[in-house]
Amino acid sequence: MDTIADDFPDMHLEGREHLVVIGNGMAGCRAVEELLERDPGRYAVTIIGAESLVNYNRIMLSPVLAGEKTFDQIVINDHAWYEGNNIRLITGDPVVGIDREARVVRSESGVEATYDKLLIATGSDPFIIPVPGKDLPGVITFRDMRDVEHMLDAAGRGGDAVVIGGGLLGLEAAHGLSLRGMKVTVIHLMGTLMERQLDEAAGWLLKSELERRGQTILTEANTAEIVGDTHVEGVRLKDGTLIPASLVVMAVGIRPNTKIAAAAGLAVGRGIMVDDHMVTSDPDILAVGECVEHDGQVYGLVAPLWDMCRALADGLVEQHSGYRGSVTSTKLKVSGIDVFSAGDFSGGDGAEDIVMRDAARGIYKRVVVKDDRIVGAVLYGDTADGNWYFDMLRKGEDVSEIREKLIFGQAFALGGGNDDPHAMVAAMGDDAEICGCNGVSKAKVVQSIVGGAVSLDAVRSTCKASASCGSCTSIVESLLSLTLGADYGGDLTIKTLCKCTTYGHEEVRREIVAQGMRAIPEVMQTLHWSTPDGCSSCRPALNYYLLCALPGEYVDDQQSRFVNERMHANIQKDGTYSVVPRMWGGLTNPRELRAIADVVEKFNAPMVKVTGGQRLDIFGIRKEDLPAVWADLNAAGMVSGHAYGKSLRTVKTCVGSDWCRFGTQDSTGLGVRIEQMTWGSWMPHKFKIAVSGCPRNCAEATIKDFGIVCVDSGYELHVGGNGGIKVRATDFLCKVATEAEAMHYCAAFTQLYREEAHYLERTAPWIERVGLQYIKDRIVDDQPLRDALAERFLYSQKFCQDDPWAARVAGAEREQHAHLGEFRPLEILAAE
Amino acid sequence: MIGDWIDIGALAEIPLRGARTVPVVGGEEIAIFRTGDNAVFALVNRCPHKQGPLSQGIVHGHSVTCPLHNWKIALATGEAQGEDKGCTPTIPVKVDAGRVLIARMALLTTALAA
Ligand code: SRM
Ligand SMILES: Cc1cc2nc3c(=O)[nH]c(=O)nc-3n(C[C@H](O)[C@H](O)[C@H](O)COP(=O)(O)OP(=O)(O)OC[C@H]3O[C@@H](n4cnc5c(N)ncnc54)[C@H](O)[C@@H]3O)c2cc1C
Ligand code: SF4
Ligand code: FES
């Protein structure tokens with residue numbers, strides 16, 4: 001314990017009202033500063049703090065941990081300040097009780113202080129997750145200077161550290177520890193880092209950067225226990241993974257510290273309840289900072305404290321101004337990583353996203369506008385305009401005038417003073433850089449247009465402007481129309497994948513492979529998607545393209561799948577599902593038929609029918625019952641029939657040489673073998689195969705994506721057939737002599753389609769687009785390529801031929817089938 | 001005691017860019033959505049077009065695309081976007097300390113209206 005101004009009360013303070021402050025932290029001292037500024041002679045002040053230090057800037061503990069600042073540099077008020085203002089300071093001695101009747105507070109060591117006004121500013125306590133081992137030595141939180149000292153101590157011994165919590169605090173702790181030489185793993189419960197401040201796109205950028213710096217980031221990771229005998233030795237996750245650690249920092253959240261206020265009988269909700277003047281339920285007791293709840297809100301950042309302290313000081317000197325809540329913004333204090341987030345970017349009614357991405361410079365910006373006003377912003381990589389956006393947000397400024405230019409930042413938006421984007425482009429200097437990726441100036445673009453490049457494509461291929469990331473496309477188009485005037489039709493020759501991007505399917509596929517992209521947010525960032533997380537057209541396409549490019553590595557995103565593929569069943573008009581088990585080549589047996597019959601009865605399925613694809617379809621199953629239905633079908637040896645997928649559907653067969661008097665080959669057996677080779681494969685669209693035993697073609701092989709017609713001398717291979725709205729008969733590809741060759745060509749053709757077609761393009765339109773010769777050149781005439789394609793197909797099949805039904809039966813994706821809860825309104829009414 | 005808000009589960013139990021359902025005995029099923037930026041919305045699980053289960057659609061931005069015929073519904077208002085016209089009732093919902101809370105009155109009204 002350390003007390004200064006021990007001879008208190010000084011003579012000259014006599015007659016003043018006595019203000020006692022509990023908590024020597026940021027809000028408590030700031031409130032006193034504000035008060036002194038307004039009326040230095042009004043109160044005699046005593047501050048009692050639990051920490052044994054003077055008032056310091058808590059948010060700067062992160063730079064202290066990272067070695068960028070010393071403690072002395074973060075002190076806000078040193079001893080001289082307390083002395084100079086006649087403040088009596090008691091440190092290292094927490095207040096343990098408030099006697100409201102006697103108006104006395106009592107400290108742990110027994111010091112008593114009488115008050116006229118009492119101010120509670122006790123901040124928050126870190127939340128400790130209640131897991132076994134939480135009390136082991138080596139498990140700490142990140143709140144005060146003592147915690148920093150513990151961390152520095154541990155870092156001095158080196159080794160592994162685990163930080164639980166990937167929010168602002170956790171990431172700053174992880175950054176500091178890793179700069180201090182520890183090997184750091186961050187465990188985060190949610191899928192996105194700092195999910196309360198960032199959206200998925202920015203969270204993903206942050207995660208990749210931290211990983212690049214050597215940290216291990218585990219998202220969707222749930223801590224089960226902290227292990228160790230006498231000291232922490234590691235953290236075990238719910239999935240069983242054990243991460244060794246000699247230090248564990250818990251940074252999962254904070255709880256307002258309301259203990260003494262509650263014990264004194266003050267009104268306490270999540271925090272100590274205060275009115276607009278920071279007065280608690282006792283008119284002589286005030287509270288400020290993180291420990292309070294105002295208008296249903298509690299805060300965990302400093303900006304609201306400043307507003308609160310102003311309102312509080314005004315009230316104490318009887319110039320009531322009142323506190324009306326705060327809008328907050330966040331910046332991450334990790335050197336070299338710029339992240340800014342403000343307001344509410346969860347949008348809502350009529351909110352509109354403006355997104356800009358610059359992959360080359362690692363920038364993602366998103367501003368949310370609603371009713372012509374900015375309501376939120378997330379910036380990654382370039383936060384220079386954060387305060388500008390935040391300022392307009394707080395003032396509720398009308399941005400309709402600068403809306404088009406808003407996302408380019410203050411300099412650009414306010415610079416030109418001209419609203420017409422064409423005029424802005426016209427006003428740019430000749431040496432202004434248009435395309436950052438390829439370093440192309442305005443003069444160069446104009447030059448190539450004048451030289452004959454009169455379309456976007458032509459500009460791209462002559463001077464390379466807009467040929468890489470595409471973010472300057474609109475400027476190049478402006479230049480085209482400025483230069484060519486009425487001659488420029490403006491017809492974009494590229495059909496884009498969807499409205500979220502300027503890229504076409506082919507370019508997206510090519511870039512994914514060329515740049516080795518590995519995740520949907522990465523593609524969106526690299527290729528400058530104009531929306532935060534895409535739409536229902538591009539997300540399934542990207543998911544497929546990545547899956548195809550990275551067999552066995554890419555983790556499928558369930559939420560980017562159409563309902564049927566997510567539920568592994570076909571949705572019906574009433575919201576129930578139909579279930580089609582696989583029947584290889586259309587063959588079945590008593591065991592399978594019995595199992596299907598039993599399922600139909602057991603689940604009261606209203607209908608079972610033979611499909612056009614030679615399978616049995618069970619209708620009217622509820623999503624909750626799907627796993628149970630599948631379990632019964634699995635038990636009889638049946639797996640998913642993928643009747644729901646952009647995938648291999650069915651291989652239809654006819655009876656063939658075993659029975660049929662015209663049969664030339666074993667079409668049934670070949671069909672079964674082909675289905676066993678191709679089942680489970682994901683495709684750009686559905687893919688159907690058939691094998692007919694003779695040219696009578698009972699299996700309708702000539703309207704399938706890949707059809708085989710058996711003849712005496714071998715197998716005729718046909719491709720690109722389609723039933724449906726626009727019937728297309730197959731093209732003849734070639735004839736092969738053996739069954740093995742037929743299968744080999746089938747694998748090669750399938751893979752070519754998988755690797756090159758646009759998503760949702762069946763083989764028929766694909767072949768019309770690229771031409772049959774293109775296919776023949778590759779599959780028939782180029783043996784090494786054919787072999788390589790077939791090999792790639794078989795390799796990717798290694799990862800696809802697990803029955804998705806069995807996985808669900810075993811508990812995977814449980815949330816897709818179970819309800820979150822159930823309401824019984826009558827019971828809710830009755831409970832009133 | 002039951003307050004103005006009813007706890008229906010943990011936010012973490014709703015998949016990011018996904019939805020979970022909550023049946024209402026004697027009323028209409030409710031779909032609780034969670035978007036890519038962690039906003040939460042509650043709507044009656046019924047498309048204004050032909051009653052498609054919106055919970056099963058693809059969630060993007062603050063919209064969901066109905067799984068049956070691809071109508072795009074704004075999660076905040078329940079309104080169909082673009083050319084399509086129609087509206088699905090929404091129910092006030094909020095997140096507190098990682099728990100999803102739904103407005104009691106609106107829930108009862110929804111149940112009784114059905
Ligand atoms: C069940 C089945 C009808 C039946 O009872 O026989 C059927 C049912 C559906 N077909 Fe089909 N098609 C069925 C065989 C066919 C066939 C015949 C065949 O496969 O030999 C064709 C023509 C061949 C073809 O695909 O080229 C066929 C051409 C279509 C088309 C048009 C495709 C096209 O490219 O033009 C669609 C629409 C689509 O896919 O976009 C379609 C779409 C559908 C959908 C998936 C409509 C939908 O999105 O909900 C139906 C699903 C109902 C369900 O829940 O099961 N169905 N559909 C057949 C299932 C076969 C199987 O066992 O897997
Ligand atoms: C590492 C770190 C980084 C941060 N970074 C940022 C940032 O970048 N931006 C931002 O806006 N915010 C940041 N914050 C949050 C910010 O520090 C807090 O919002 C702010 O400190 C809250 O002020 P306060 O006065 O309410 O609480 P505190 O500053 O915690 O002060 C409360 C004081 O009361 C004392 N006390 C508690 N109980 C008693 C008792 N019974 N008797 C006596 N004393 C008691 C405590 O020991 C403490 O000293 C960060 C916090 C940490 C820990
Ligand atoms: S023909 Fe039309 S109605 Fe019949 S199953 Fe196919 S899509 Fe449905
Ligand atoms: S029912 Fe939703 S779009 Fe038709």
Side-chain angles (χ1 to χ4, degrees), chain A residues 189-192 195-196 198-201 220 222 253 255 270 344-351 353 366 376 378 500 531-540 557-564 566-567 571 573-575 623 813 815-816 818-829 831-832, chain B residues 1-2 6-27 29-30 32 35-41 45-46 50-53 55-65 67-68 70 72 74-77 96-98 100 102 104 107-108 110-112:
Chain A
L189 186 60
M190 298 298 206
T192 313
E195 77 284 347
R196 277 164 53 217
L198 300 184
D199 60 10
E200 207 185 5
E220 273 168 1
N222 208 341
R255 291 283 148 91
R270 277 193 297 158
D344 176 17
F345 48 88
S346 58
D349 247 330
D353 287 314
R366 172 174 173 210
V378 185
C500 306
T531 47
D533 54 8
C535 69
S536 54
S537 297
C538 58
R539 285 242 311 277
D557 178 21
Q558 285 299 300
Q559 302 311 123
S560 293
R561 291 237 179 216
F562 290 121
V563 54
N564 288 356
R566 200 181 327 120
M567 301 306 285
I571 196 164
K573 61 188 247 185
D574 63 354
K623 76 173 182 206
E813 313 277 346
E815 72 278 2
Q816 305 282 4
H819 294 300
L820 183 59
E822 186 186 82
F823 288 129
R824 299 178 167 274
L826 289 179
E827 287 168 21
I828 295 176
L829 283 169
E832 271 180 50
Chain B
M1 201 195 78
I2 292 173
I6 302 173
D7 186 326
I8 48 171
L11 177 64
E13 286 183 60
I14 309 174
L16 202 61
R17 289 183 274 98
R20 295 287 298 273
T21 44
V22 181
V24 177
V25 176
E29 186 163 282
I30 294 169
I32 317 285
T35 60
D37 52 12
N38 274 300
V40 173
F41 300 94
N45 191 18
R46 155 170 59 80
K50 291 188 173 173
Q51 288 90 49
S55 60
Q56 304 297 82
I58 290 185
V59 177
H60 48 99
H62 284 172
S63 306
V64 61
T65 297
L68 292 196
N70 291 329
K72 205 172 125 190
L75 292 172
T77 56
D96 187 23
V100 180
I102 194 160
R104 179 176 146 280
L107 167 71
L108 293 176
T110 312
L112 298 176

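Here is the naming used below: chain letters follow the sequence lines, and residue numbers restart at 1 for every chain.
A salt bridge links B:Arg17 and A:Glu200; the closest N-O separation between the charged side-chain nitrogens and carboxylate oxygens is under 4.0 Å.
For A:Asp353 and B:His62, the side-chain atoms include no donor-acceptor pair closer than 3.5 Å.
Under a 3.5 Å cut-off, the side chain of B:Asn38 and the backbone N or O of A:Asp199 do not form any donor-acceptor pair.
Among B:Gly61, B:Ala10, B:Gly52, B:Ala12, the residue with the largest count of heavy-atom pairs under 4.5 Å with chain A is B:Gly61. When the candidates A:Arg824, A:Met190, A:Arg566 are compared by the number of heavy-atom contacts under 4.5 Å with chain B, A:Arg566 comes out ahead. Ranked by heavy-atom pairs shorter than 4.5 Å toward chain B, the options A:Ser560, A:Ala818, A:Ser536, A:Gly575 are led by A:Ser536. Ranked by heavy-atom pairs shorter than 4.5 Å toward chain A, the options B:Glu13, B:Gln51, B:Lys72 are led by B:Glu13.
Of the two parts of B:Pro23, the backbone and the side chain both hold a non-hydrogen atom closer than 4.5 Å to a non-hydrogen atom of chain A. Proximity to chain B is absent for every atom of A:Asp574, based on heavy atoms less than 4.5 angstrom apart. Neither the backbone nor the side chain of B:Asn45 has a heavy atom closer than 4.5 Å to any heavy atom of chain A. Neither the backbone nor the side chain of A:Arg196 comes within less than 4.5 Å of any heavy atom of chain B.
You'll find the side chain of B:Ile58 reaches within 4.5 Å of the side chain of A:Phe562, heavy atoms only.
Counting all heavy atoms, side chain and backbone alike, B:Leu16 lies closest to B:Gly36 at CD1-O, 4.2 Å. In terms of heavy atoms, B:Ala19 sits closest to B:Ser55 at CB-O, 3.6 Å.
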